[in-house]
Amino acid sequence: MSGQWLGRASSCLGPAIYASPSLRVSRMSQLRLLPSRLGAQAARLLAAHDIPVFGWRSRSSRPPATFPSSKGGGGSSYMEEMYFAWLENPRSVHKSWDSFFRKASEEAFSGSAQPRPPSVVHESRSAVSSRTKTSKLVEDHLAVQSLIRAYQIRGHHVAQLDPLGILDADLDSFVPSDLITTIDKLAFYDLQEADLDKEFQLPTTTFIGGSENTLSLREIIRRLENTYCQHIGLEFMFINDVEQCQWIRQKFETPGVMQFSSEEKRTLLARLVRSMRFEDFLARKWSSEKRFGLEGCEVMIPALKTIIDKSSEMGIENVILGMPHRGRLNVLANVIRKDLEQIFCQFDPKLEAADEGSGDVKYHLGMYHERINRVTNRNITLSLVANPSHLEAVDPVVQGKTKAEQFYRGDAQGKKVMSILVHGDAAFAGQGVVYETFHLSDLPSYTTNGTVHVVVNNQIGFTTDPRMARSSPYPTDVARVVNAPIFHVNADDPEAVIYVCSVAAEWRNTFNKDVVVDLVCYRRRGHNEMDEPMFTQPLMYKQIHRQVPVLKKYADKLIAEGTVTLQEFEEEIAKYDRICEEAYGRSKDKKILHIKHWLDSPWPGFFNVDGEPKSMTCPATGIPEDMLTHIGSVASSVPLEDFKIHTGLSRILRGRADMIKNRTVDWALAEYMAFGSLLKEGIHVRLSGQDVERGTFSHRHHVLHDQEVDRRTCVPMNHLWPDQAPYTVCNSSLSEYGVLGFELGYAMASPNALVLWEAQFGDFHNTAQCIIDQFISTGQAKWVRHNGIVLLLPHGMEGMGPEHSSARPERFLQMSNDDSDAYPAFTKDFEVSQLYDCNWIVVNCSTPANYFHVLRRQILLPFRKPLIIFTPKSLLRHPEAKSSFDQMVSGTSFQRVIPEDGAAARAPEQVRRLIFCTGKVYYDLVKERSSQGLEEKVAITRLEQISPFPFDLIKQEAEKYPGAELAWCQEEHKNMGYYDYISPRFMTILRRARPIWYVGRDPAAAPATGNRNTHLVSLKKFLDTAFNLQAFEGKTF
Ligand SMILES: Cc1ncc(C[n+]2csc(CCOP(=O)(O)OP(=O)(O)O)c2C)c(N)n1
Ligand SMILES: [Mg+2]
């Protein structure tokens, strides 16, 4: 069958559609038969209206038609349902359906007999023919509606998306049977060629008519093809919201929507020139350097710029971008507008780094730039968040930063701040964090009110073909879970791309929901400029070598239509080349690279002009007693009237009130005191994680729930002071990677917020390992960016099995950068400079007061470092694990080490053993020491700040007990916990003159036993060793 019969539209149906008939047949044979939907009631109704059963079964003698499986939503069956419902009660259907069926019936009956009542048995020939006419008309209208809907749902499957014309973007060459790709397919709807020129009423669910209500079938198909089967493939019919579907239909179906003024075309061409010539310039100057060029998807630059222009036009003032390697330098140069010489100088191997730390490769660095948007003449701030090589890891970080910026600007609806995320096709489909991030998109405390996602779908990931890289038809299917519309577009049609991007920006700013633009493109070179792609994709690359670059194609088009002249085009190229050359000349003068010029999140006013802390002191963190009392009283009350809390909670609150009366706090109250006091100082506090509102261990109760009024809650922390900063506490989705990344991004936005992420149990942090390794541990070294995020990781061996026991302190400590072998110089500011130099702070507090202090210190320090806190479980309710107000009032501060203060400390020369430990095991040790009556012989000192290692205080303690053996006791297995970290540091500070013996569990593979008895036996065993003063006699070290 020739493709000519439909006129212009059919010409877009290229050979790919017809390429594989066998595949088509096999796919067709999988389609299930339409089950008979006509029940007894329907048959009765039809008989009552004297209307024969319509549709494929009654009307044709061919075998029962097949009907597509549920690849989208709905089809003819829907119309059938509507029809039956209408027959039963015309008011039960939407008025558009009513008028449609009514009109169809009227037309059919006009001038002839009305339908006869069912009682009439003998019918005239003309009545029978009139009825047949009626039913044919209704059926044909239904068929046409069904056809329109089929294009809306499945048109994208045959859209011409691949610029190379090789692959189907959905990885399947089947042609849906209900799309009219050849004339014989009209039969699917029981339509014939003769019907093509008949006029049909258009339903309200299409806009192809423009101002016309009827169109010929030929025109209907042509317009549907134009909209759905050319260079744009739309996936949106899965969206549950009718209004949103209508919006999209209107944007794309309305005739003539894709009109561009010549000014717009010239701007587009100029942007393409910049995009392409930038890559050409780099290729010419540094042919053997990796840059992950954008060639094959040059259109991404105008695409991003359109999204930004359109958003700026709609009021957006701040755009936060996240993107991977591909085309990143180009985005920096041509979207963010980083000075070209700053980019070019990075290619100079002799460039010296001015900043401390490792730095990072040029295609990972971030950027922040405020400028005027030339199209809208409004101010706009653009930032590109620095990211690691780990694809998609930056997604939640960008979202967190965006949320924070919105929060601080009071932009609850996301009208001023938005995020754009760029993805690769393989990574978007493959990386689970994409899904985790999507699931944050509509949660009240995590939504950024819609993100525009742009996929650089070059149909390859490194050397892997999409067929081996994903099981979903498109790389973008993950976005369907949040009902985000997905606009696929052929990247070699720049105008289609620009149109799609402007609709995407409008969508985001209209519905505040995510949207995906899938730029179906190709990768002109190998994965990087050094790679040979012909090894693995020979045929694809043969085609790529033949492929005319998009700039040339578009320039030829504009020249042919007279929008620009060849001379103007050449001048535009020459102009940009000159800009590059001049910048290149200047770049040669640059000898030093300042990574701080590449900061994505500057904190104005926090550091001095040189980017240094304003002071180098460790502040006192205690607070006045009346403040403690006030916070305590709010923590033990219900600030709202007529608010009925659970009786169990009343008991807890009474317990808190008693503690406050006794000037003591437990863990939960200490946390309350820390947060509450910071709120008073204008510090926003945000605590996020799974079940944090109540607390996994039911100790926190920061959100009270009215027992009688649904969803009425109260957060007492927000009722502390009239002018306090807001407190946000939010239960998160069940994600660690996504949520920790999000909070890290949140903490990036401002130094004046305490942002905490709590793991349900500490060991769950390993599903967020990438955020810990790539951002938290190394972020400052790579990107000179401070971050004060706090990780609360419940940790402790409680006999609860291998899981839920260990937050893996050994991993954090292994990544701590303080030197184990360097004997430090004990300067006056040793404590603070150690904190300044480290990559993160690792603590395990044994008292509520110390937890209180370390949280406050986190904010009062003149710089920001990530803080890892191993938090207790059983200690939350341990009667001994309480602190007095005396340890928290003004003048007190965080204790890095809590020295022995009992009998042993009073007569240190008598002491035979000094045990160092950290965290909960302290309480086991004290109990055992007391039961053995060894208080004078054994001293126990607690290490509260493990890293950076408090060399100064440990030295003091060791020297205080000259005659004592030194031991390190931990409840964790020997190859875990702290031992491997503390041991070389003890050796250094003791100048290897005294050993530090190990007391604890043996090495093991699993962090803890699943057998409670084994747990208790091993506990007893190491406690016995701890107090066996002969245990190490005769041993050498
Ligand atoms: C999490 C992760 N795994 C593996 C890699 C190594 N890697 C770098 S680029 C790449 C291919 C990415 O393909 P795609 O997402 O399609 O982007 P493209 O390079 O095609 O633009 C891979 C596997 C990585 N950077 N991150
Ligand atoms: Mg790719």
Side-chain angles (χ1 to χ4, degrees), residues 161-164 166-167 169-171 275 279 290-301 303-304 321-331 360-365 386-397 421-437 453-472 474-479 488-491 516-533 535-537 540-541 544 737-738 741 766-775 778 782:
L161 298 174
D162 177 15
L164 303 175
I166 303 173
L167 263 181
D170 60 355
L171 304 184
S275 174
E279 298 294 351
K290 270 194 213 172
R291 67 189 148 86
F292 297 103
L294 191 53
E295 295 101 319
C297 194
E298 290 91 343
V299 79
M300 182 174 83
I301 299 301
L304 292 177
L321 270 141
M323 72 173 296
H325 51 288
R326 178 94 37 228
R328 195 177 172 103
L329 297 177
N330 208 327
V331 167
D360 204 345
V361 292
K362 47 192 165 294
Y363 40 83
H364 287 164
L365 297 176
N387 61 238
S389 181
H390 294 55
L391 294 167
E392 307 292 344
V394 81
D395 298 0
V397 181
L421 286 176
V422 181
H423 314 267
D425 54 322
F428 198 50
Q431 291 292 305
V433 70
V434 174
Y435 180 87
E436 293 189 32
T437 308
H453 299 264
V454 177
V455 182
V456 175
N457 181 359
N458 52 19
Q459 312 184 76
I460 193 165
F462 213 143
T463 67
T464 302
D465 191 277
R467 284 166 204 270
M468 304 301 141
R470 64 175 193 259
S471 294
S472 59
Y474 293 102
T476 50
D477 288 56
V478 59
H488 309 281
V489 57
N490 184 322
V516 178
V517 174
D518 178 23
L519 298 176
V520 186
C521 56
Y522 59 94
R523 192 187 68 195
R524 185 165 286 279
R525 300 169 185 262
H527 172 60
N528 62 55
E529 290 63 30
M530 304 297 98
D531 264 350
E532 173 51 85
F535 287 150
T536 48
Q537 272 75 23
M540 185 188 204
Y541 273 82
I544 290 176
Y737 194 171
N766 59 13
T767 59
Q769 197 65 50
C770 175
I771 298 295
I772 294 168
D773 293 352
Q774 264 56 46
F775 290 88
T778 50
K782 293 195 287 193

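Start at 1 with the first residue, then count along the sequence. Counting starts at 1 for both ligands and their atoms, in listed order.
Against a heavy-atom cut-off of under 4.0 Å, Ala426 is close to the following atoms of ligand 1: 13 (O), 14 (P), 15 (O), 16 (O). Counting the atoms of ligand 1 from 1 in the order shown, those under 4.0 Å from a heavy atom of Asn458 are 18 (P), 20 (O), 21 (O). Distances below 4.0 Å separate heavy atoms of Ser389 from the following atoms of ligand 1: 24 (C), 25 (N), 26 (N).
Considering both main-chain and side-chain atoms, Val456 never comes within under 3.5 Å of ligand 1 through any nitrogen or oxygen pair. Checked against a 3.5 angstrom limit, the closest N/O atoms of Leu391 and ligand 1 fall inside it. In terms of polar-atom proximity, defined here as any N/O pair under 3.5 Å, Gln431 makes no such contact with ligand 1. Between Phe428 and ligand 1, a contact under 3.5 Å exists for no N or O pair. For ligand 1, the polar-atom distance check against Arg523 finds no nitrogen or oxygen pair separated by under 3.5 Å.
Taking each heavy atom of Arg523 and Arg525 in turn, the nearest pair found is NE-O, 3.0 Å. A pairwise comparison of heavy atoms in Val394 and Gly322 identifies CG1-CA, 4.2 Å as the closest pair. Shown here for Ile771 and Gly741, the closest heavy-atom pair between the two residues is CD1-CA, 3.7 Å. The two residues Ala393 and Cys770 make their nearest non-hydrogen contact at CB-SG, 3.7 Å. In terms of heavy-atom proximity, Asp162 sits nearest to Ile166 at OD2-N, 2.7 Å. Asp360 and Asn387 make their closest contact through OD2-O, 4.1 Å (heavy atoms, listed as atom of the first residue, atom of the second, distance).
When only non-hydrogen protein atoms are considered, atom 9 (S) of ligand 1 lies nearest to His527 CE1, 3.0 Å. When only non-hydrogen protein atoms are considered, atom 21 (O) of ligand 1 lies nearest to Arg326 NE, 2.8 Å. Among protein heavy atoms, the minimum distance from atom 16 (O) of ligand 1 is reached at Asp425 OD1, 2.5 Å. Among all protein heavy atoms, the one lying closest to atom 11 (C) of ligand 1 is Phe462 N, 3.5 Å. If you check which protein heavy atom lies closest to atom 17 (O) of ligand 1, you get Gly424 CA, 3.7 Å. With respect to atom 13 (O) of ligand 1, the closest heavy atom belonging to the protein is Gly461 CA, 3.3 Å.
Between the Mg ion (ligand 2) and the N, O or S atoms of Asp425, the shortest distance is to OD1.
By the 4.5 Å heavy-atom criterion applied to side chains, Arg291 and Glu279 are counted as neighbours. Taking 4.5 Å as the limit, some side-chain heavy atom of Arg326 sits within range of a side-chain heavy atom of Asn458. For the pair Gln459 and Asn457, the minimum side-chain heavy-atom distance is below 4.5 Å. Two residues are said to be in side-chain contact when any heavy atoms from C-beta on lie closer than 4.5 Å; Thr476 and His488 meet this criterion. Between Ser275 and Val299 the shortest side-chain heavy-atom distance does not fall below 4.5 Å. Residues Leu171 and Arg470 meet the side-chain proximity criterion, which asks for heavy atoms closer than 4.5 Å.
For the residues Pro388, Gly327, Ala427, the heavy atom positioned nearest atom 15 (O) of ligand 1 is part of Ala427.
Taking 2.8 Å as the criterion, Asn458 counts as a coordinating residue of the Mg ion (ligand 2), since one of its N, O or S atoms falls below it. When distances to the Mg ion (ligand 2) are checked against a cut-off of 2.8 Å, Ile460 contributes an N, O or S atom below that limit.
Heavy atoms of Glu392 come nearer than 4.0 angstrom to ligand 1 in no pair at all. At least one heavy atom of His390 lies less than 4.0 angstrom from ligand 1. Residue contacts with ligand 1 include His325, since one of its heavy atoms falls under 4.0 Å from the ligand.
Residue contacts with ligand 1, taken as heavy atom pairs separated by less than 4.0 Å, involve Ile460 solely via the backbone atoms N, CA, C and O.
Per-atom contact check: atom 6 (C) of ligand 1 does not touch the protein, criterion being a heavy-atom distance below 4.0 Å. Distance remark: protein heavy atom present below 4.0 angstrom from atom 24 (C) of ligand 1.
Taking the six-membered ring where tryptophan is involved, the planes of Phe428 and His423 are tilted, since the angle between them lies from 30° to 60°.
Using modelled atom types, no side-chain atom of Glu392 and backbone atom of His390 make a donor-acceptor pair closer than 3.5 Å.
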